[in-house]
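Computation of the quantities below employed the complete heavy-atom set of this structure, encompassing side-chain atoms and omitting hydrogens, waters and symmetry-equivalent molecules. In what follows, chains carry the letters A, B, and so on, assigned in the order in which the sequence lines appear, proteins first and then strands, with residues in each chain numbered from 1.
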Number of protein chains: 2
Amino acid sequence: MLHEEVVGRIRDILLDGEIPPGARIPERELCERLEISRTPLREALKVLAAEGLVQLLPHRGSRAAKLTDKDMRDLFEVCQGLEALAGELACERISDAGIADIAAAHAAMVQHYREGDLIQYYRGNRAIHEGIVNAAGNPALSALYASVTARIRRARYVTPMTPQRWALAVKEHEAILNALERRDGAGLSHILRAHLRHKREEVLQAGFAETETSELTLKIA
Amino acid sequence: MLHEEVVGRIRDILLDGEIPPGARIPERELCERLEISRTPLREALKVLAAEGLVQLLPHRGSRAAKLTDKDMRDLFEVCQGLEALAGELACERISDAGIADIAAAHAAMVQHYREGDLIQYYRGNRAIHEGIVNAAGNPALSALYASVTARIRRARYVTPMTPQRWALAVKEHEAILNALERRDGAGLSHILRAHLRHKREEVLQAGFAETETSELTLKIA
DNA sequence: GCCCTCAAATTTGAATGCAAAATAGCGACA
DNA sequence: TGTCGCTATTTTGCATTCAAATTTGAGGGC
C-alpha cells in the first residue's frame, strides 16, 4: 500500500463527508478498514493536516477540520485569486484544441442543466473550472487550486440551488467560455471573480444550515 | 519534541541551503542530529513533500526538491497572483495603523538600501511583502503565500543584484506604499504584478548559476 | 579489459511495542 | 444529590524491530 494512496483514500473519506467536520478521526478503526498499521495512517494524517483538511490536537487526537464561515470566506477569496490568475494565463497559452475541450465540457454541463441533473451539473462545472486552471499550464497553480477547492468542496455541495441562481451560473459560464474563446484574459479574470463571488454568497448563506447538520451528524455518530 | 518543531527545523535546514537542492536527505544523520527516531522524521518529510520542499522517491529515499526554471517561473506566477489578490484585499481592510507599520518597514528598508546592506534590505523587503499579504486579513492566503515564497526563497537570495535593479526595486516599493496609502486596490495589484515580474526576470537570469553551484555542492557533499 | 550476473549489505517502508498523556469511571465527601 | 478527586483504561507519540527493495561489490564470462 503506497503512502500516497493512503492520503488519497482518507482525503476521499473526508471529502465524502463520511467523517463530518469537527468529528474525531478514529485511528484504530481506520487502520482496520484500510488494513494498515498506525504508522502510515499517522503519516497521512500529518500530510492532510498540512493541507488543512485535518486538525491535529497534541495528545488529543486528530479531527476532521471544521471550517468557520470566516475560513470559508477566506478560501473563496483565495480561490477567486487563483482562478483569476489562471484565466489570464490560460488565455495566453491555451490551444484551440484546449478551448474545444472546454467548450465540449461546457456543452455537456448545459445539457445536464437542461435535464435538471444537479449532481452531474456540479461535476461538469468543476471540470470546466479545473480545465481552465490546468490550461494555465502551471502545475504549481493547479496543485494549489486543487488543495483550496478540496477544502471548499463539501460546503459547496450543500448549497441550496435555486432556479434563479442556477440560471445565472449557467449564463456566467457562457460568458466565461466566450471570453476564453476570444482569449480575453482581463475579461475572463473579471468574470471569474464575479462568478465566484456569487458562488460564495450562496455558500455563506448556506453556512448556518451546514454547521447545524454537521453538529447533528456529529451527535448521531 | 513536538512534531511541528521537527517540520520547522528541517524546513529551516532546507531553506538555509544546508542540504542543497537535489541532494539526498540523510535520514540517519538527521535523526542523530535532531535526537529523534526515524518515525517523527519521516512524518516531517512527508509533510515537507506535500509542501513541495522535498521529493519522495519510492524505495529510493527523499531528496531536497530541485526546482527547474519552469518550476520557478510557475511559482513566481502564483506568487504574483497571490500578492495581487492580497494587495486588493489589503487596500479594503488595512487600518491606518497597519499602513503606518508598513510605511515604517518601508523606511527601514530604504535606510538599508542607502547603507548598501543587501541582506538587511532583503529582510526588510520580505517583511513588507509579508505585511501586505497579512494585511489582507486572510490567514488561508497568508499560509499559501508563505508556502510558495518558501520554495522560491533560496533562489531569490542568489540573485545578483545590480545597482540599477536595486534602484528600480526601491522605486517600485515607493509606488507600492503610495498605492496602499491611497487604498488604490486596482493600482496596487497592478504594481505588485509588475514588481514581481521584474524580480522573476532577475531570478531566471540567475537560474543557470544557481543550478551549477548546486551541482557543485552536491558533488562535494 | 569490460560487462553482466548474483549475493551481501545498506536503506527504506511498515508493524509492533512501550512510555506518557488524556479520558473515563468510580467512590468519597460536602 | 451533585461535585471533586483518585485510579484504571484508553489513546497518543515515539522508539524499536522486521521484512522488502535497492544499491554496492565481487566474481565469472565474453
Counterpart residues, side chain to side chain contact (heavy atoms under 4.5 Å, CB included), relative to B:A49 (two or more places apart): B:V54, B:L56
Side chain to side chain contact (heavy atoms under 4.5 Å, CB included) partners of B:A103, counting only residues at least two apart: B:L177, B:E181
Polar atom pairs between nucleotides 5-10 of chain D and protein, under 3.5 Å, N or O only, would you list them?
none

Roughly, in whole Å, what's the span from CG in A:L41 to C1' in D:dG13? 13 Å
What residues, two or more places apart in sequence or in another chain, satisfy side chain to side chain contact (heavy atoms under 4.5 Å, CB included) together with A:A127? none
Contact list for residues 6-19 of chain A, test salt bridge (Lys or Arg N to Asp or Glu O under 4.0 Å), sequence neighbours left out: A:R11-A:E51, A:E18-A:R33
How would you list, by chain and number, every residue that makes a side chain to side chain donor-acceptor pair (under 3.5 Å) with A:R193, sequence neighbours excluded? A:S189, B:E88
Output every pair passing salt bridge (Lys or Arg N to Asp or Glu O under 4.0 Å) with a member in residues 140-149 of chain A, not counting sequence neighbours, ordered by first then second residue. none
When you check every protein heavy atom under 4.0 Å of nucleotides 8-23 of chain C, what one-letter string (B, S, -) results, 5' to 3'? ---SBBSBBB---SSS
Partners passing side chain to side chain donor-acceptor pair (under 3.5 Å) against B:S62 (at least two apart in sequence or in another chain): none
Evaluate the ring planes of B:Y121 and B:Y113, with Trp represented by its six-membered ring, and classify them as parallel (under 30°), tilted (30 to 60°) or perpendicular (over 60°). tilted
